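Numbers here are sequence positions counted from 1. Just so it is clear, the structure is predicted and the values come from calculations on it, not from any experiment.
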Amino acid sequence: MSWLEKLLPAKIAQTDPSERRQVPEGLWIKCPACETVLYKTDLEHNQNVCPSCNHHHRIGARARLDAFLDAEGRYEVGQEVLPVDALKFKDSRKYPERLKEALENTGETDALIVMGGSVHSISVVVACFEFEFMGGSMGSVVGERFVRGVETAIEQKVPFICFTATGGARMQEGLLSLMQMAKTNAALTRLAKKGLPYISVLTDPTMGGVSAGFAFVGDVVIAEPKALIGFAGPRVIESTVRVTLPEGFQRAEFLQTKGAIDFISDRRELRKTIASTLAILLRQPADAVS
């Protein structure tokens with residue numbers, strides 16, 4: 001008998017380490033804002049909004065679309081458009097390798113999902129960025145799917161909505177990525193000429209070429225609370241202009257005070273908020289939105 005066994009009370013039975021129950025990973029999430037430990041399933045049922053402090057956690061594109069659109073009549077647009085390595089780009093890794101990894105991690109073929117459907121029975125076409133796919137970066141596929149979504153909205157004479165969550169242009173596609181800024185804005189110009197509304201919803205984060213392009217040209221620009229929104233990062237700006245920036249200057253609340261954003265909406269209220277806004281823009285009766 002070892003000295004440790006002599007010290008242990010006789011009634012305390014030792015557990016075989018191999019038989020000890022392991023707590024499954026990913027069941028609990030700590031809120032970065034208030035540090036409350038949250039049950040993951042409860043958080044997901046609350047649209048990834050902390051019930052304690054209302055911090056808006058990032059949410060996947062499919063989950064967002066599922067919560068936003070009516071259950072019936074959904075259809076996807078442009079899913080057949082797939083990325084190619086036209087420039088044979090390689091940094092520390094080859095571009096096709098990064099695409100394959102992003103596909104395995106997200107189950108998506110690129111960073112934008114476009115879906116038609118309805119919100120409170122108002123027909124719409126919605127584009128939504130998947131940030132987990134290479135940081136939601138905008139390449140040729142994102143631009144093409146966005147344009148096809150706008151063209152579908154024009155054909156069906158319905159509003160177009162875009163949820164942005166992106167780090168900007170995709171460096172692996174070089175100039176081809178930057179050209180998407182002109183391509184997407186040209187499509188939105190055609191939408192505007194048809195008198196159809198475009199609503200832009202800025203989520204955390206919305207940066208780079210997307211914020212400099214179509215993110216701020218909506219008829220109505222909405223943001224989620226405390227979303228990071230800008231072009232370059234704060235450290236880059238401070239090192240360039242040599243000026244200390246005000247606290248929170250790239251957050252939605254600060255931009256609203258400067259008139260860059262029309263209003264801020266809680267994610268859980270977005271369905272009703274956007275449906276009411278569309279009813280006004282389309283001049284539908286107020287009681288059409290339940």
Side-chain angles (χ1 to χ4, degrees), residues 31-34 43 46-51 53-61 63-65 67-69 111-114 119-120 124-132 135-138 142 146 149 159-169 181 184-185 188 191 197-234 237 245-281:
C31 177
C34 66
L43 184 64
N46 203 40
Q47 297 190 46
N48 278 36
V49 178
C50 176
C53 69
N54 291 328
H55 174 73
H56 283 51
H57 296 247
R58 291 175 183 173
I59 186 172
R64 183 185 291 278
L65 288 168
F68 181 71
L69 290 170
L112 188 73
I113 300 170
V114 182
V119 180
H120 285 289
V124 293
V125 175
V126 184
C128 189
F129 277 79
E130 175 54 72
F131 186 76
E132 294 302 317
S137 53
M138 180 175 64
V142 169
F146 186 96
F160 184 74
I161 302 168
C162 181
F163 291 88
T164 56
T166 172
M181 295 173 65
T184 52
N185 278 273
L188 290 174
L191 184 79
Y198 165 48
I199 294 181
S200 179
V201 184
L202 314 181
T203 77
D204 183 64
T206 296
M207 301 293 290
V210 173
S211 68
F214 55 79
F216 279 98
V217 299
D219 298 296
V220 178
V221 180
I222 307 171
E224 289 189 339
K226 297 183 180 178
L228 178 66
I229 303 165
F231 181 70
I237 297 173
L245 301 169
E247 185 178 353
F249 87 108
Q250 283 187 323
R251 295 292 173 178
E253 289 74 10
F254 181 86
L255 294 176
Q256 186 184 29
T257 64
K258 301 301 180 181
I261 293 170
D262 292 306
F263 58 90
I264 296 170
S265 175
D266 187 294
R267 182 181 298 155
R268 295 162 294 184
E269 300 294 327
L270 264 176
R271 261 176 60 84
K272 186 176 180 180
T273 299
I274 290 180
S276 300
T277 303
L278 288 175
I280 295 171
L281 294 173

Using side-chain heavy atoms (C-beta onward) and a distance below 4.5 Å, is [X] in contact with [Y]?
X	Y	result
Phe129	Cys162	yes
Cys50	His57	yes
Phe263	Thr277	yes
Ile199	Val201	yes
Arg271	His120	yes
Ile222	Ile264	no
Ile59	Val49	no
Val124	Phe160	no

ring-ring contact (aromatic ring centres under 6.0 Å, His included) against Phe216, all qualifying residues, sequence neighbours excluded: none
Can Val210 and Thr184 be said to form a side-chain contact (heavy atoms from CB on, under 4.5 Å), step by step? CA-CA 10 Å; Val210 173; Thr184 52; over 6 Å; no
Rounded to the nearest 0.5 Å, what's the gap from [atom1] on [X] to [atom2] on [Y]? Could you check?
X	Y	atom1	atom2	value
Gln47	Glu269	CD	CD	9.5 Å
Phe146	Met138	CZ	CE	9.5 Å
Ile274	Ile161	CD1	CD1	5.0 Å

What do you reckon, is CZ of Phe231 surrounded by more than 12 foreign heavy atoms closer than 6.0 Å? no
Quick one: closest heavy-atom pair of [X] and [Y], and the distance?
X	Y	result
Ser211	Gly230	OG-O, 2.6 Å
Ala165	Thr206	N-OG1, 4.4 Å
Pro234	Gln250	CD-OE1, 3.2 Å
Pro32	His55	CG-NE2, 3.5 Å
Cys31	Cys53	SG-SG, 3.6 Å
Leu278	Pro197	CD2-CB, 4.3 Å

Working note: Arg64 + Thr203, criterion side-chain contact (heavy atoms from CB on, under 4.5 Å); need CA distance, chi angles, decisive distance, verdict. CA-CA 11 Å; Arg64 183 185 291 278; Thr203 77; 3.6 Å; yes
Using side chain to side chain donor-acceptor pair (under 3.5 Å) as the criterion, list what pairs up with Ser137, not counting sequence neighbours. Arg170
Partner set under side chain to side chain donor-acceptor pair (under 3.5 Å) for Arg267, not counting sequence neighbours: Glu224
Val114 and Val126: side-chain contact (heavy atoms from CB on, under 4.5 Å), yes or no, with the steps? CA-CA 6 Å; Val114 182; Val126 184; over 6 Å; no
side-chain contact (heavy atoms from CB on, under 4.5 Å) for Asp262 and Gln256? Distances and angles first, verdict last. CA-CA 7 Å; Asp262 292 306; Gln256 186 184 29; over 6 Å; no
Taking the six-membered ring for Trp, is the centroid-to-centroid distance between Phe131 and Phe163 below 6.0 Å? no
I want to know whether Phe214 and Tyr198 have ring centres closer than 6.0 Å. no
Give a yes or no on whether a salt bridge exists between Arg58 and Asp204, defined as a side-chain N under 4.0 angstrom from a carboxylate O. yes
Can you spot which of Ile229, Leu228, Leu255 makes a side chain to side chain contact (heavy atoms under 4.5 Å, CB included) with Leu202? Ile229
Whether the side chain of Asp266 engages the backbone of Arg268 through a donor-acceptor N/O pair (distance < 3.5 Å, no angle test) should be reported. yes
Without swapping roles, check the side chain of Ser200 against the backbone of Val221 for a donor-acceptor pair under 3.5 Å. no
